[in-house]
Colleague: 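What follows is a structure written as structure tokens; I'll ask about it next.
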Amino acid sequence: MIRRFSRFRHAMIGRLGIRGQIVLLLVTTQVLAFSLTPMLLFVVFGFEERRLERSVDMSEAMLSVLSVMSPGQVSGTSLHIANLVMQDDRFAIAQMIPDAIEVETATEAVLAATDPAWAPYLRVYPLDESVKWPGPPIEPFGLGVALADGSWLTFTPRPDILSRTIPLVGGTLVITVLALPLMLLSIWAGSTLVAPIMRLSAGVEAFSRDIQSPDLNEDGAKEVRRATAAFNRMQQKLRKLITDRSQTLAAIGHDMRTPLTRLRLRLENINAGELETAINDDLNTLEKMIDDALRFMRSDTVQMELGRVDLAVLCRTVCDAFTDQEKDVSYYGPDHLVVSCDTALMQRVLENVIGNAVVHAGAAYVTLTDGPGPIASIEVSDQGCGIPQELQTVVLEPFSRLEAVKAGGEGSAKGFGLGLAIANDLMARQGGSLALQDNEPTGLIVCLQLPRETPA
């Protein structure tokens with residue numbers, strides 16, 4: 001049970017993100033603090049002391065009357081006493097009253113607040129069950145004062161609804177007034193503190209998709225500024241590394257084309273028959289290898305513009321282009337399905353993947369489905385010889401080809417192991433993914449997945 005709760009807690013907290021976790025922590029702390037404060041006050045001051053205070057408060061009217069009279073000089077027939085009984089029904093004249101209450105708390109509190117001259121004449125007595133007692137949790141009591149003629153002036157406290165609820169409502173309002181601003185301040189503080197971290201996270205995610213993404217603003221706490229500055233330096237170094245690599249390869253490719261052109265010109269002046277054809281094929285292969293390598297090296301520097309694209313229309317357009325070239329390519333799927341991607345990059349991915357299937361298997365079948373959640377899926381399947389599972393990860397690396405192709409098998413002159421590598425890289429840059437699966441009973445399935453909405 002504890003392990004299940006721990007897994008559930010980690011799963012729920014993990015979904016909140018760092019901003020949600022900090023805000024939740026601060027708000028929970030405030031709620032606990034203001035919930036425990038009344039309990040701590042209750043313990044520190046003691047419930048008994050509040051009961052004594054309430055006893056004195058409810059006896060205030062009787063104590064006020066005694067403060068303006070002197071003991072032994074007032075009788076039950078006095079005009080002042082008669083007027084008091086008529087005007088306030090809490091007072092009455094009785095010939096006898098019950099014995100003093102055994103609970104000493106209320107008695108001690110009232111006697112302590114009474115004029116010492118009246119203390120011998122004052123009695124705190126219990127009320128019987130017939131008297132309604134709507135007051136706080138104090139044992140019902142009445143007050144009696146012995147008068148000069150032997151009668152008793154009695155007083156029955158009658159706490160109203162306000163006296164019962166004002167302490168509770170007032171305390172609750174005070175705590176609420178204090179708690180709400182602090183909770184709002186906690187939410188603001190949590191959001192402000194976490195905002196630079198979230199911007200850093202978003203910047204890292206953007207850089208993973210597009211190496212040309214701008215540098216981040218270095219703000220926030222000292223540690224966050226240092227991390228952001230280090231990330232910006234790393235980003236700049238990677239940009240320079242890739243740019244230098246691309247420029248170097250471009251220069252090499254340019255220099256290699258010059259001798260290739262001279263070889264072609266010299267070959268035209270030589271009547272070598274079949275040898276001429278073979279040399280021409282080798283020259284074409286070298287030139288295509290240079291073009292593919294340059295295209296791959298420049299793929300990281302291509303500017304990406306994510307937007308809402310009708311993937312169904314794009315798939316049909318690419319399939320129709322292959323069909324116009326008399327290739328066996330079929331499309332299955334909806335007429336319209338909008339996703340978030342870069343049109344040019346996605347078109348290049350489809351051309352590479354479908355082109356691989358056509359070259360190595362003779363036909364391609366493109367199936368577009370609206371996947372679970374915010375995901376759209378494209379499956380490009382063929383019925384060729386397929387790729388062994390242990391090599392499906394390897395062929396996604398640049399310049400990785402199957403041994404049969406390397407040895408000069410079908411399609412050896414048509415590619416150099418860059419098509420799937422480029423497609424995999426371009427899918428990742430758009431926030432999608434590329435995976436290989438076996439196609440039963442034979443063949444390969446290339447599964448492309450794209451988000452329906454623009455990645456954050």
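The analysis underlying the following values was restricted to heavy atoms, covering all of them including side chains, and did not include hydrogens, waters or symmetry mates. Residues: numbered from 1 along the sequence shown.
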Colleague: Could you measure the distance from the CG atom of Leu311 to the CD1 atom of Ile378? Nearest 0.5 Å is fine.
Modeller: 4.0 Å
Colleague: Let me confirm one number: the CG-CD distance from Leu238 to Gln236, rounded to the nearest 0.5 Å.
Modeller: 10.5 Å
Colleague: Are Val309 and Met346 close enough that some pair of their side-chain heavy atoms sits under 4.5 Å apart?
Modeller: no
Colleague: To the nearest 0.5 Å, tell me how far Glu379 CD sits from Asn439 CG.
Modeller: 9.0 Å
Colleague: Can you name the residues that form a side-chain contact (heavy atoms from CB on, under 4.5 Å) with Gln449, not counting sequence neighbours?
Modeller: Ile375, Ser377, Ser433, Cys447
Colleague: With rounding to the nearest 0.5 Å, note down the distance linking CG in Asn232 to CG in Asp215.
Modeller: 4.0 Å
Colleague: Taking all heavy atoms of Phe322 and all of Gly355, pick out the closest pair and write down the distance.
Modeller: CZ-N, 3.7 Å
Colleague: Could you list the residues that satisfy salt bridge (charged side-chain N to carboxylate O under 4.0 Å, His left out) with Arg233, not counting sequence neighbours?
Modeller: none
Colleague: Sort and list the pairs that fulfil side-chain hydrogen bond (donor to acceptor under 3.5 Å, both in side chains) and have at least one residue in residues 321-336, not counting sequence neighbours.
Modeller: Asp310-His336
Colleague: Going by heavy atoms in the side chains, are Leu350 and Thr317 under 4.5 Å from each other?
Modeller: no
Colleague: State, yes or no, whether a side-chain contact exists between Gln347 and Asp342 at a heavy-atom distance under 4.5 Å.
Modeller: no
Colleague: Side chain of Arg452, backbone of Val338: donor and acceptor closer than 3.5 Å?
Modeller: yes
Colleague: Pairs of donor and acceptor atoms involving the side chains of residues 381-393, under 3.5 Å and at least two apart or interchain, shall be tabulated with distances.
Modeller:
unit_1	atom_1	unit_2	atom_2	d
Ser381	OG	Tyr365	O	3.4
Asp382	OD1	Gly384	N	3.0
Asp382	OD1	Leu444	N	3.1
Gln389	NE2	Asp438	OD2	2.9
Gln392	NE2	Ile387	O	3.2
Gln392	NE2	Asp438	OD1	2.8

Colleague: Provide the closest heavy-atom pair for Gly432 versus Leu450 in the form atom of the first, atom of the second, distance.
Modeller: CA-CD2, 4.3 Å
Colleague: From Leu396 CG over to Asn424 CG, what is the distance, rounded to the nearest 0.5 angstrom?
Modeller: 5.0 Å
Colleague: Arg225: what forms a side chain to side chain donor-acceptor pair (under 3.5 Å) with it, not counting sequence neighbours?
Modeller: none
Colleague: Is there a donor-acceptor pair closer than 3.5 Å between any side-chain N or O of Thr228 and the backbone N or O of Val224?
Modeller: yes
Colleague: For Ala321, what residues pass the side-chain contact (heavy atoms from CB on, under 4.5 Å) criterion, not counting sequence neighbours?
Modeller: none
Colleague: Are any non-hydrogen side-chain atoms of Arg199 and Asn217 less than 4.5 angstrom apart?
Modeller: no
Colleague: So how far is it from Arg90 CZ to Met62 CE, rounded to the nearest 0.5 Å?
Modeller: 10.0 Å
Colleague: Find out whether Gln235 and Leu216 are in side-chain contact, i.e. whether some heavy atom of one side chain is under 4.5 Å from a heavy atom of the other.
Modeller: no
Colleague: Quick one: closest heavy-atom pair of Ile354 and Cys319, and the distance?
Modeller: CD1-SG, 4.3 Å
Colleague: What is the minimum heavy-atom distance between Leu434 and Leu436, and which atoms define it?
Modeller: CD2-CD2, 4.2 Å
Colleague: Which heavy atom of Ala364 sits nearest a heavy atom of Val380, and at what distance?
Modeller: CB-CG1, 4.4 Å
